[in-house]
Each structure stands twice: as structure tokens, then as C-alpha cells.
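Remarks on the structure that follows.
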Amino acid sequence: MLPLELIRKDPERVRRAAALKKESAPIDEILELDREWRSHQNAAETIKAEQNRLSKEFAKTRDEQLKERLREMAEHAKAELAEADAIKAKLDDLLLRVPNIFDESVPLGDSEADNVVLREWGAKPDLGFSPRTHYDLGEALGIMDFEHAARVAGSRFAFLLGEGARLERALVQFMLDVHTRDHGYTEVLPPFLVNSASMVGTANLPKFADVAYRVEGEDLWLVPTAEVPLTNFHRDEILDGESLPLKYVAYSPCFRTEAGAAGKDTRGFIRLHQFSKVELVKVTTAETSMEEFEKLTADAEDILKRLGLHYHTLLMCTGDMGFAQYKKYDLEAWCPGLDRFLEVSSCSVFNDFQAMRANIRYRPARGTPPRFAHTINGSGLAITRTIDAIMETYQRSDGTITVPEPLRQYMGGLEVIGAR
RNA sequence: GGGGAGGUGGCUGAGUGGCCGAAAGCACCCGCCUGCUAAGCGGGUAGGGGGUGUAAAGCUCCCUCGAGGGUUCGAAUCCCUCCUUCCCCGCCA
């Protein structure tokens, strides 16, 4: 969330940022509640101060009249405080619904049409034949199965079978190995269910409750991304400034209702209620966050390069970047069969927006007051869609698929999927 | 699931109704002392919020001893609920 001070001092800036992000922000209501809250808070504190003072006097005098007066004061203070607390609760809830501001370098725009292509790597492969889609290939090879998944779970689920399942496992291993060995991240296996406080910390709540799955009767949510457990790992902590940046990488399944995406990407292994992802998270300082953000994006891009997948990097515009992000890049991999780019990674820097919600702070040096950390995250990469890009890019005219070289060691030396 | 014991500052740990936001030790910081180091001596070191202040500093008040409620003039301390950690038993991958 944003500091109340910022909203008090520069409400226009916050209003403008929200408008450009196409989000609503109840600024006027917040300012009004802030005034009311401080007024009641002040009243309560004034009474309390007097009460504390007189209470000490009572301890000496044991004056019955004074005792009666103190009883009244206590009641009065309690009433004022209750009022203040009720207002503050409303205020806090509204604050959680105010979107983040954004970086100067973010282009202004309404939709994905206004995103900027920052760079492009590789080229569309010339296969020499008409490319097929991953689902076409996958079903023909018997490594991807949507029919049985629909029976077992419903639409937007899939089974991977045989070499398909093994390809997914290989990708997870490969990505985790590269990020830990070559990029310096610490591997984590997080809980796949998290509580509400964690969901609030990363800004998945309260605004996006409808896209996450909740366990009935419990304060638990299925993780929509490993970002939630990773970032919240340090919730309510004051970190040692020397230890920053902290770098974590985790594999997890991700669960999303895809509410609002009805009819979109219904075909194929693209937009599922459950998909696999390797996620990168950094916790760092205000001074280094933008630089660490660029590095994290490069770490994600490195995976695509090693796999030899043609991709481009988009700088997301204000209207397409999201509620919590301060700046965001999307990595999109080319899928020849689908004849389009697919988003395989989204890398974001949040400034202190998440850290304020999750109360993650650090002490820059001994004896200095704590400051809110900056958080960064990005997919490195979404496994599911990476499989699509690999299948479509490395398909051969007979419908088999060449295994990219770096993955072969994770697949027992297998060179071609579907070879007989 | 049943029974028992705990959750206090960066850490260890004392504190069972006011003198306690909190002893002591450790760690750390500043200073003194000292060929150097160590030891020793003196001082300092929790977080959040409100008010004041152009701001920093400072001053001042309020809150916080796992969380929330209650009793009381007054709660770290008494009562209730919840969370959580550890131990024993049962069950179980």
C-alpha cells in the first residue's frame, strides 16, 4: 500500500496514477476518514494522558471521589478509542485498495497495444512445413490429454503423460539448477496453501479474491503463484541491511480461477486452473531495486536463450501493468503453431508497496531506524507455456519433437520425443 | 484427536496488580584507559502512531511483553477465546 503521508501530501499524484492505471482510488474518502480518525485518536489520547497521570495520584491518596472520576474517564477514553479504531479499520481497508504509483519510465497507455517492445531475441524459426499447435502435436503423441482431464477435474485442466510429464519435470529441474547454480538464488520449496494475511501482503487480497481458490471452512488459499509464500516469508521482520538482496527461487503449482477470462484461450495448454511455474523473488533496498529488477529480468531471459526460444521483452504501459506493480516487463515466447507470442514470464518491481502491506523492513546500518524493503519478482519461467513454445518450435515434420540440448541430461539423454 | 508446558527487546532470560517498555547477561555503538590485542571503566542501543516543528534534530503524549476481548482507578502480571512452539499418547503419508 501507499503511505498515508503520500496521500495526505500529494493526493493528486496518487489520483493521477490510479487513473492512468485504469484503477479506482477512494482518495477523498480516505482523506476524510483520516481527518476523523486523527480527531478521535487525539481525543482518546488526551483523556488517556490525564487518566494515567491521575491514576498514579490515586495510588497514593486512595481518594474515593477521584476513583469515581477515573472510572468515568476510562469509559470516555474507551468510547473515543473504539470510534477511532472503527474509523481506522475502514481507512486501512480503503488503503489496501489504492493502486501503486508507477515509475517515470513507464509509458502511458490504455491497453496492451500501448506496450513497448524493448528488445527481441532470436527469430521466428523457418520449419519448412506448416507448423502444428502444441495441443495438436501433444494429443497425437499421447503426451497431452484434455479429454480425461475434463472428466477428472473439468475444463482448463490437463494431463501430461509419459515423455510430456517428463519434459515438465526436466524443465523444473533445469530452471532451478540454472537459477541456483548460475544466478545465485536460494532454492525454496514453499507451502502451496497460504493464509489471508499472506495474500494481503502481496496484494492478492482484497482486490483479487475472485481469481484465487479458497479452501472451504479454513483461512487458506491455494497459491496463485509462489510469489505469495516467498515474499511473505519475511513478513513482519526487520532484516539486516547487510543481508540484502535476498534472492529466492521456487517451483510451485499455481492455481487460478481465471474468472473474467471466460472463453479466452480455452483451447490448449495455455490458460489452465493449475499450472507449474518457477518463480524468482528478491527482497532488497530502495537504492538497488531498479537495478536488481533488471538483473532478475535478465535471469529469466537467460532461460529462454538457453532453450533457444525466440522471444521479446515488453515494457508494460500504465493501463496494462496492474494494480500493485511499479514497473513491469513481460517476456513472450514465439509459438509457431499458434502463430503468436505467449507470455511466459512477468517480471515486476513493487517498490515498497508490498513491503508495507507485509511489513517487511530492514535496518540499513546498526543504530539506524528500519525502512521498508523493496520487493521484486518474476517468473523464471512459467513451465506450462514454455512447454508449448518448445513443442511448437522444435517440432519436426513427422510430428515428433526434438528435445532442446540443455534438457537432454534431465531426460535420460532423450533426444526426440515421440521417436519409435 | 487427547494430555502437559511455553510464547517478554537483536539474542539469552528475570519479572504474579502501580515504583515496568521491562532486571541481568550477551551482542553491538560511543568515549576513557592502554606499546598492540584482550581485559577493565563510563555512557548508549525496541517498534508503531498522534501533536509540535519548513525539514532534520528535539520536545511531548498515546499504544505495543504472540493476537483479540474482559476484570480493575490501574494489567507483561488475573480471566476468556484464538494462533503458535515444544514434550508425551493416539492416528497417519
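Below, chains carry the letters A, B, ... as their sequence lines are ordered, and counting in each starts from 1.
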May I ask you to check whether A:Asp177 and A:Tyr410 show a side-chain donor-acceptor distance below 3.5 Å?
yes

Expressed as a whole number of Å, how far does the C1' atom of B:rG68 sit from that of B:rC11?
28 Å

Can you sort out the partners of A:Tyr326 under ring-ring contact (aromatic ring centres under 6.0 Å, His included), two or more places apart, ordered by chain and number?
none

Measuring only the C1' atom in each nucleotide, how far is B:rG47 from B:rG66? A whole number of Å is fine.
15 Å

Verify whether one side chain among A:Thr375 and A:Lys282 offers a donor that lies under 3.5 Å from an acceptor in the other.
no

Protein N or O to nucleotides 44-47 of chain B N or O, pairs below 3.5 Å:
{"residue": "B:rG47", "atom": "OP1", "partner": "A:Arg363", "partner atom": "NH1", "Å": "3.0"}
{"residue": "B:rG47", "atom": "O3'", "partner": "A:Arg361", "partner atom": "NH1", "Å": "2.9"}

Atom pair distance, as rounded to whole Å: CD in A:Glu57 and C1' in B:rC19:
16 Å

So, A:Phe159 versus A:His148, ring centres under 6.0 angstrom or not?
no

I'd like to check the side-chain hydrogen bond (donor to acceptor under 3.5 Å, both in side chains) partners of A:Arg38; sequence neighbours left out, ordered by chain and number.
A:Asp34

Side chains of A:Thr133 and A:Glu392: any donor to acceptor distance under 3.5 Å?
no

Do A:His183 and A:Asp302 have side-chain atoms, one donor and one acceptor, less than 3.5 Å apart?
yes

Reading nucleotides 55-74 of chain B from the 5' end, what letters show protein touch, with B for base, S for backbone sugar-phosphate only, - for no heavy atom under 4.0 Å?
------BBS------SS-BS

What interatomic distance, in whole Å, is found between C1' of B:rC63 and the corresponding atom of B:rG6?
26 Å

Report the residues that fulfil salt bridge (charged side-chain N to carboxylate O under 4.0 Å, His left out) with A:Glu75, sequence neighbours left out, ordered by chain and then residue number.
none

Please list, for nucleotides 79-86 of chain B, all pairs of protein and nucleotide N/O atoms separated by less than 3.5 Å.
none

If I pick the P atom on B:rG69 and the same atom on B:rG13, what distance separates them, to the nearest angstrom?
29 Å

Mind checking what makes side chain to side chain contact (heavy atoms under 4.5 Å, CB included) contact with A:Asp236, not counting sequence neighbours?
A:Asn359

Judged by modelled atom types alone, do A:Ser198 and A:Arg235 share a side-chain donor-acceptor pair under 3.5 Å?
yes

Taking everything shown except A:Lys88 itself, do over 12 heavy atoms lie less than 6.0 Å from its NZ?
yes

Given pairs defined as Watson-Crick or G-U wobble with both distances under 3.5 Å, what dot-bracket annotation applies to RNA chain B, with ( ) intrastrand, [ ] crossing, | other strand and . unpaired?
((((((((.[[[..)..(.....]]]((((((.......))))))(((((((.....))))))).[[[[[..)....]]]]])))))))....

With sequence neighbours excluded, tell me which residues meet salt bridge (charged side-chain N to carboxylate O under 4.0 Å, His left out) with A:Arg271.
A:Glu258, A:Asp265

C1' atom, B:rC20 versus B:rG15: distance in rounded Å?
9 Å

Residues within residues 7-14 of chain A bordering RNA chain B, heavy-atom distance below 4.0 Å:
A:Arg8

Taking the P atom of each, how far is B:rC41 from B:rU34, in whole Å?
16 Å

To the nearest Å, how far apart are A:Glu237 CD and B:rC11 C1'?
15 Å

Go through the structure and list residues passing ring-ring contact (aromatic ring centres under 6.0 Å, His included) with A:Tyr394, not counting sequence neighbours.
none

Listed by chain and number, what are the side-chain hydrogen bond (donor to acceptor under 3.5 Å, both in side chains) partners of A:Ser289, not counting sequence neighbours?
A:His374

Roughly, in whole Å, what's the span from CZ in A:Arg371 to P in B:rG48?
13 Å

In whole Å, what separates the P atom of B:rC62 from that of B:rC19?
13 Å

When you compare B:rG9 with B:rA23, how far apart are their C1' atoms, in angstrom units rounded to a whole number?
13 Å

How long is the line joining NE2 of A:His40 and P of B:rG51, in whole Å?
15 Å

Without hydrogens or angle criteria, can the side chains of A:Glu83 and A:Gln41 be said to hold a donor-acceptor pair below 3.5 Å?
no

Assess the side chains of A:Glu301 and A:Thr313: does a donor N or O sit below 3.5 Å from an acceptor N or O?
yes

Pair A:Asp219, A:Asn195: side-chain N/O donor-acceptor within cut-off below 3.5 Å:
no

